[in-house]
Amino acid sequence: MAIIERPSEEVALAPSSVPEVATPSTSYGIFRRPVETTGWKSWLFTIDHKKLGIMYGVVAMFFFIVGGIEALLIRLQLAGPNGTVLSADKYNQMFTMHATTMVFLFVMPMAAAFANYFVPLQIGARDVAFPRINAFGFWAFCFGGIFLNTSWFLGGAADGGWFMYAPNSSVAFSPSNGVDFWGLGLQITGIASLTGAINLIVTVINMRAPGMSLMKMPIFTWMVVVVQFLLLFAMPVITVALFMLMFQRSFDATFFSVEAGADPLLWQHLFWIFGHPEVYIIVLPSFGIVSEILPVFSKKPLFGYPLVVFSGAAIGFVGWGVWAHHMFASGLGPISVAAFSVATMAIAIPTGVKIVNWTMTMWGGKIKFTVPMLYAVGVIVQFTIGGLSGVTHSVAPSDTQQTDTYYIVAHFHYVIFGGAVLGLFAGFYYWWPKMFGKMLSERLGRWNFWLTIIGMNLTFGPMHVVGLQGQPRRMYVWTENRAGEGFFNIGFWNLVASIGSFVLALGVLTFLINVVISHRKGTAKAPLDPWDARSLEWITTSPPKEHNFDRIPTVGHLDEFFHRKYEDRGSGDHHEFHQVATGEEVVANEEAHAESHIHLPSPSYWPILLALSLPIMGYGIIFNLFLLFGGAVLALVSLYGWGLEPHTAGDDEFDPPTGAALEVAAHG
Amino acid sequence: MADTAVHSDAHIEHAGHHTSTGLSNNKLAMWMFLGSECLLFGGLISTYMLYRGRHSANLGPDQVWDIPFTSSSSFVLLMSSLTMVLAVSSANRDDDRNTKVWLSVTALLGALFVAGQVYEFTSFYREGLGFTTSLFSSSFYTLTGFHGVHVSVGIIMLMSLVGMISKNKVVGDKKEVVELFGLYWHFVDVVWILIFTLVYLIPA
Amino acid sequence: MSHSEDHDRTMSPLTTTTSRLGRMGRRTTLTAIAVTLGSAVLAGCATNAPQDTWKPAGENAQKIQNLQWPVFLTAGVVGVIVMAAIGIIVLRFRDKGQPIPEQTHGKAWLEYMFIAIPAVILAAIAIPTVGLVMALNSTDDTECIINVTGQQWWWEYDYEVSADGTICGFAPSAVEASPIITSGQVVIPANTKVLLRGTSRDVIHSYWIPRLNGKRDMVPGRVHFLRLESDTPGIYAGQCTEFCGLSHANMRMETVVLESGDFQKWLDNELEPYSAPAAGTLAAEGEATFVAQCSRCHQVNGLLDPNKGTLVVSYPDQFVYSGASPNLTNLMGRNTFAGASWDLLTPECRADVWDATPEEFGAKYLAGVTPECLNEIDLREWLRNAPAKKPMYADPTMLDETDGKTRGMPYLGLSEDQIDQLIAYLLERK
Amino acid sequence: MTTATEHHDSHEDTHEGHGLTDAGYIKIALFLAAITAVEVVFSYTQDSLGAAFLPGLLILMAVKFFMVLLYFMHLKFDSKLFSLMFYIGMTLAIGCYLVFLTTLHFFES
Ligand code: HEA
Ligand code: HEA
Ligand code: CUA
Ligand SMILES: [Cu+2]
């Protein structure tokens with residue numbers, strides 16, 4: 001924001017203190033370039049990766065609760081036989097939107113929140129490569145998510161299940177506008193993912209601090225890069241599928257019209273070519289978080305760092321060759337089935353590397369079981385359960401007994417909740433002090449953790465039983481006729497799962513309470529380095545200053561921060577680590593050598609306006625083509641505005657001009 | 001199109017060049033975008049391939065194609081790649097005048113191609129091949145339509161660029177901006193090379 | 001399992017790695033045995049749900065079972081090992097003030113080993129998997145083909161007459177063979193390799209009788225095959241497992257396996273000519289109502305229009321989007337209806353048939369639905385208002401997208417009298 | 001991002017000194033046009049070409065594709081990183097979609 005920070009003691013000690021507020025002058029006729037650094041405008045038009053990260057987080061959390069409440073309704077309906085909480089129609093909408101919300105509006109954006117916030121910090125950069133595109137990505141996600149959910153009030157949400165198989169998604173079989181909203185909404189959030197992917201990859205390739213070679217990069221950053229590559233190449237595939245769906249529904253194209261000779265397997269292939277990479281998109285960021293946390297609390301570097309990096313990349317790569325394991329019962333023919341079955345098994349190998357290396361990281365460590373660490377260990381255990389049931393699916397003949405039953409539902413909630421979501425919670429607790437300068441309560445955190453773990457096992461554990469006893473998924477009711485009796489009876493275990501889901505909800509609620517309490521206690525300030533951390537994001541204040549680092553750190557090691565704090569005084573095979581500096585001292589040293597001229601790009605109206613045009617066009621396609629035209633005009637105007645706008649507001653756009661401030665030399 | 005990197009010294013014009021790899025952010029981003037587009041067009045082409053034979057008897061590819069016509073419009077698009085590369089080359093010599101000329105010629109050739117496509121579509125339509133007629137027609141129009149939209153967007157961008165160069169309003173490094181547009185334009189041409197052979201020349 | 005926790009804690013953290021691994025090995029062997037026994041016991045008593053995937057009753061299901069239990073076991077053992085390792089770590093490597101450990105970045109040989117071991121295990125799983133995929137797909141030894149067609153939300157079966165005039169190798173004794181069309185329950189002879197040849201009339205459905213075989217999607221525009229085979233007479237329950245819209249949950253199916261003698265009887269009965277209800281009975285009134293209200297959609301083979309004396313042929317394609325409705329010729333010969341979602345038998349009679357021993361089963365099934373055993377409640381509700389019982393897309397004001405055709409059976413506004421008549425009429429359809 | 005100490009002027013080595021002269025570009029364009037002409041001729045003489053027809057056309061297509069990619073788009077002279085980005089996408093696209101078409105029995109007819 002074209003202001004120079006003067007890193008003085010005051011600023012360092014009171015990180016939340018606001019730098020000089022500049023008053024904007026006029027630059028767009030009556031509108032002014034939004035250069036405020038406080039107030040609502042500073043959020044709405046911001047292009048700061050940290051603010052955007054927080055905004056991603058808040059909105060994703062909101063959608064987590066939405067998706068969670070949808071899940072609770074599902075569980076209420078299924079608690080007993082012939083449930084009456086939801087009608088068949090509402091139930092179908094509920095699980096479709098539950099999955100869509102959780103996957104596209106919670107896990108992916110929450111990972112984007114962490115990636116946005118921490119990737120630049122972990123590689124020693126001051127922002128991402130394309131800050132305005134970053135802002136656009138956030139708003140596209142936000143508006144896309146809202147757009148998707150307005151379908152609830154405009155005739156009903158999508159009801160075809162999250163993989164929306166054709167031809168059940170055609171107008172004749174799903175006459176409400178729900179599927180249109182679904183397709184266009186995902187298209188919009190997909191644009192956000194694509195731009196985000198390009199942005200983050202460029203950032204990591206090009207903006208690393210001096211000395212940070214690729215193999216010295218924090219593992220979280222690595223996993224984010226792999227995920228962005230997956231997004232980069234997977235999004236266009238679903239884009240093609242969604243366009244065909246839109247043309248089918250809105251303009252009577254024939255892609256999925258069986259009467260015209262269409263092959264319904266076309267959609268399945270396109271969806272899963274995207275869909276399988278997608279599941280690794282979901283889980284790898286959390287793998288990254290876990291890989292950050294385990295070394296910190298074990299006081300050991302990540303075991304086999306290069307192998308963990310390569311296995312992450314390998315998962316990403318092999319993940320492109322296994323999609324048809326979702327189609328083992330679709331009638332592909334035995335050769336394809338056998339090939340995909342074996343390929344799927346292969347993916348357990350790189351994933352196993354992660355599990356084993358995490359375990360070996362802890363082995364022989366000096367472990368502190370803080371809340372983030374509990375969650376990280378939770379991931380290892382819970383994900384392994386889910387991964388192993390995944391291996392049982394990969395055996396194609398057995399999968400024909402399992403597919404589309406609750407046994408699959410159990411698998412993917414163990415890998416998704418046990419892998420991805422627990423990992424995200426680990427990230428919340430680990431990085432909260434960094435992001436907000438305040439600690440979350442460890443005591444409440446432990447409640448949070450245990451309720452969540454017990455809740456998730458109570459919820460998803462019984463689904464293994466229910467599924468192997470033959471209960472298909474996506475059934476709005478089950479009957480006692482097919483429930484059986486005795487220990488494995490479906491009725492009992494369905495009830496357990498439903499009760500479990502409320503325990504789980506209590507767990508999530510505890511987290512929200514923890515957040516509220518932490519922020520109410522206005523004064524309690526987190527120590528600068530509460531965990532004795534190891535990576536670059538900790539070599540700055542908490543929360544970081546607007547420009548992240550007073551001086552861009554020079555990197556000599558993987559775990560740079562650790563090596564600045566500790567020194568090996570042993571000799572030969574004998575190692576003895578001694579603390580030579582505290583985190584505070586390391587940061588103070590950086591501040592003492594602050595750089596003088598720091599330019600940051602300025603906020604802009606255009607990203608949010610461009611993003612706003614997308615849902616307008618969406619409504620246009622569904623309801624009224626004039627609206628489509630209006631949206632297109634807005635998009636065009638925003639694009640031109642964007643294209644002609646300099647990255648940084650000129651000095652004269654401030655009132656008074658801030659040119660003078662630029663010359664202020666840094667303190668010390 | 002793209003923002004410049006955050007940079008740690010005050011020379012705004014040079015921003016984006018001081019990178020870990022020495023490569024331009026914008027160019028890297030463009031190449032990634034093009035890599036991603038491979039999967040988009042790949043999907044559309046394979047869908048077309050799957051469905052090209054599924055049509056009513058007398059409205060299949062072999063019946064409606066007009067190879068000489070499409071060959072000439074392909075030639076036009078191919079030549080627009082030449083003019084584009086000449087524009088880039090002029091821009092690299094800081095020759096604004098020729099840059100503008102070649103960019104305009106490129107846009108013109110592009111427009112000629114699009115006009116040819118519009119003509120082709122209307123004549124197919126007159127023969128009875130609507131968008132919804134058959135699987136073949138839906139996937140053909142979708143594939144070539146996507147390509148046509150890419151060309152049209154390119155034309156708009158080229159003309160805007162000509163305007164911006166005239167008014168001296170190009171944000172960032174002018175040479176690079178021209179080069180980026182060039183990459184995009186050539187990619188669209190490359191896609192047409194595939195379409196021309198796979199869709200038009202190889203019989204269903 | 002009781003851990004030797006105290007012992008663990010007293011051990012010096014500097015114990016050598018080898019001895020740790022050795023101890024871990026011993027413990028996991030024990031746990032593995034426990035798990036093996038445990039799962040064996042559990043599998044043994046898991047006789048319960050009719051769709052239990054671990055209770056094979058046919059050749060293909062058995063082959064799958066033979067492959068899957070060792071896989072589950074392997075997965076279980078791997079899981080236990082991981083958890084045991086975590087358990088040991090939690091107990092042994094807590095921060096008890098020990099010095100900061102060596103900042104080791106890994107040991108190459110260990111890392112390679114941990115790649116090699118899973119690779120070997122997975123290869124051991126992969127080979128039989130590929131073999132079984134191929135084996136399950138072979139159809140050369142098929143002895144009987146039955147066409148099955150899915151539509152929202154029920155299955156139709158069509159027993160083709162083969163060139164030699166037999167159906168599944170059985171020749172009807174009395175009459176000439178003509179195609180048999182039924183719905184909901186498919187009746188097959190025991191010890192016969194039956195091949196279902198399936199497709200769909202609207203969206204994708206999936207055919208699944210867990211105890212006989214894995215599932216196979218039935219896709220519109222494609223024909224897929226699925227083998228069913230069993231040597232034990234009885235009813236095997238199944239369920240549509242590909243999400244197919246509103247009443248996916250109410251799209252079930254059952255495979256009925258009969259001894260060859262019983263199958264012959266069933267066949268003969270199916271092919272018996274139509275017998276009109278005796279004049280003046282309630283059922284005869286029902287026949288008229290049926291012709292007036294139902295026969296436009298539902299076929300009853302051999303039914304003559306009482307007024308015109310002509311053969312009544314249904315034309316459901318004008319009213320139902322999928323173009324088909326269940327053939328009701330021998331409705332009471334099966335014992336469930338409407339996508340096998342409700343019973344035609346009262347609970348007691350149902351239990352009698354379903355729980356019958358394989359020897360008794362045939363006779364009980366062939367008895368069909370007797371007046372005493374009729375579950376009138378559900379059938380009445382169905383006739384009174386079908387879409388209220390089974391969610392279907394049948395509201396006439398909301399059918400723009402399907403040319404006014406319903407998906408499923410619409411509300412017909414029948415009076416209670418008409419329902420009485422229809423039930424009396426339907427009771428004789430067997 | 002680098003600090004001033006690591007500062008190196010990179011525009012020189014990324015923009016200039018590589019690539020072709022304008023005359024070179026024109027030659028390539030002519031070559032491309034010629035191939036296109038050959039392709040069209042191919043499509044008219046399909047019968048006499050027999051089994052060589054399909055592979056011939058595909059090879060010509062690939063030659064054109066890579067000529068534009070390598071020369072017009074400078075990929076040959078530019079950083080390998082750009083090639084990497086593009087080729088990953090291209091390879092995934094070719095690989096996945098070929099498998100996809102194979103499983104749908106596209107190549108069997
Ligand atoms: C986070 C997301 C995630 C992850 C990581 C995975 C991971 C895996 N998944 Fe899962 N999967 C889903 C999300 C995920 N899945 C979803 C959402 C669906 C359903 C979609 C839908 O239908 O709605 C699904 C469905 C699904 C199916 C289709 C089931 C069906 O519908 O019939 C299959 C089939 O093969 C499968 C397999 C696997 C395998 C083999 C892995 C492997 O990557 C797991 C590897 C991990 C381990 C194996 C554990 C650790 C390893 C070791 C300890 C080493 C030693 C191990 C051995 C020697 C075995 N998954
Ligand atoms: C990221 C992915 C993700 C996540 C996190 C979850 C989380 C949960 N899921 Fe879901 N789920 C899917 C992805 C996910 N799911 C997918 C892809 C499907 C397949 C859909 C399909 O078939 O198309 C599916 C399907 C699915 C089904 C099967 C439906 C069916 O087939 O008929 C069920 C049933 O129990 C279920 C349950 C749950 C539950 C109980 C949670 C819980 O973990 C939720 C926990 C969260 C909360 C509970 C929110 C907390 C709320 C508060 C704190 C507010 C407090 C308010 C109150 C208590 C009122 N999910
Ligand atoms: Cu038919 Cu589900
Ligand atoms: Cu998958």
Side-chain angles (χ1 to χ4, degrees), chain A residues 47 120 123 125-134 194 197-199 201-203 205-210 212 232-237 239-241 243-244 247-248 251-255 257 260-263 266 270 273 547 552 595 597-601 640 642-648 662, chain B residues 1-12 15-16 18-26 28-30 32-33 35-44 46-47 50-51 53-56 130-139 141-142 145-146 156-157 160-161 164 167 169-172:
Chain A
I47 55 171
I123 61 171
R126 293 223 160 94
D127 205 324
V128 291
F130 306 101
R132 283 183 298 181
I133 291 186
N134 205 17
L194 191 70
I198 294 179
N199 201 346
I201 299 174
V202 173
T203 305
I205 289 181
N206 262 352
M207 297 171 71
R208 280 164 288 135
M212 182 172 280
L232 182 67
F233 298 123
M235 287 331 284
V237 185
T239 302
V240 171
F243 265 116
M244 296 199 307
F247 291 159
Q248 172 91 20
F251 308 119
D252 296 324
T254 53
F255 296 107
S257 309
D263 193 334
L266 168 66
L270 290 178
I273 290 177
H547 55 274
I552 298 300
E595 286 162 29
H597 295 300
I598 300 172
H599 262 238
L600 291 173
Y640 275 107
W642 187 323
L644 293 170
E645 182 182 73
H647 314 300
T648 313
L662 282 172
Chain B
M1 241 208 74
D3 288 47
T4 323
V6 181
H7 48 93
S8 55
D9 72 17
H11 304 289
I12 295 170
H18 309 296
T19 61
S20 308
T21 55
L23 300 173
S24 141
N25 283 345
N26 297 333
L28 200 55
M30 180 52 90
M32 275 189 292
F33 173 69
S36 165
E37 290 265 284
C38 286
L39 281 118
L40 184 97
F41 280 106
L44 294 167
S46 344
T47 303
L50 184 67
Y51 281 162
R54 306 190 187 181
H55 50 78
S56 50
F131 181 57
T132 61
T133 307
S134 63
L135 284 163
F136 155 67
S137 74
S138 286
S139 47
Y141 284 121
T142 304
F146 258 87
I156 297 174
M157 289 183 356
S160 310
L161 184 56
M164 276 152 74
K167 296 232 165 95
K169 283 217 159 172
V170 181
V171 178

Item checked: Shortest non-hydrogen separation from A/Gly643 to B/Val171 and the atoms involved -> O-CG2, 3.3 Å
Note to self: For chain B, which candidate among A/Thr239, A/Val237, A/Ile201, A/Leu270 shows the most heavy-atom pairs at distances under 4.5 Å?
What the structure shows: A/Ile201
Notebook entry, point to check: Side chain, backbone, both or neither: which part of A/Asn134 has a non-hydrogen atom closer than 4.5 Å to chain B?
Noted result: neither
Next item on the list: Looking only at non-hydrogen atoms, find the nearest pair between A/Pro236 and A/Leu194 and report the distance.
Entry: CD-CD1, 4.4 Å
Margin query: Is A/Met212 in contact with chain B via its backbone, its side chain, both, or neither, using a 4.5 Å heavy-atom distance?
Written below: neither
Item checked: Those residues that, when tested against B/Thr132, pass side chain to side chain contact (heavy atoms under 4.5 Å, CB included) (two or more places apart) -> A/Asp252
Notebook entry, point to check: Between B/Phe146 and chain A, which part of the residue has a heavy atom less than 4.5 Å away: side chain, backbone, both or neither?
Noted result: side chain
Check: Which atoms of B/Tyr51 come close to chain A, meaning under 4.5 Å heavy atom to heavy atom: side chain ones, backbone ones, both, or neither?
Finding: side chain
Margin query: Please check this pair: side chain of B/Ser46 against backbone of B/Gly42, looking for a donor-acceptor N/O pair closer than 3.5 Å.
Written below: yes
Notebook entry, point to check: Sequence neighbours excluded, which residues qualify as side chain to side chain contact (heavy atoms under 4.5 Å, CB included) partners of A/Ala253?
Noted result: A/Phe247, A/Phe255, B/Phe131, B/Ser138
Check: Which bit of A/Ile123 is near chain B, if near means a heavy-atom gap under 4.5 Å: side chain, backbone, both or neither?
Finding: neither
Next item on the list: Sort B/Ser134 into side chain, backbone, both or neither according to what part of it lies under 4.5 angstrom from a heavy atom of chain A.
Entry: backbone
Item checked: Which portion of A/Tyr640 sits near chain B, non-hydrogen atoms under 4.5 angstrom -> side chain
Check: Which atom pair, heavy atoms only, marks the closest approach of B/Met32 to A/Ile198?
Finding: CE-O, 3.6 Å
Item checked: Closest non-hydrogen atom pair between A/Ile47 and A/Asp127, with its separation -> O-OD2, 3.3 Å
Checklist line | Region of B/Leu50 that comes under 4.5 Å of a non-hydrogen atom in chain A | finding: side chain
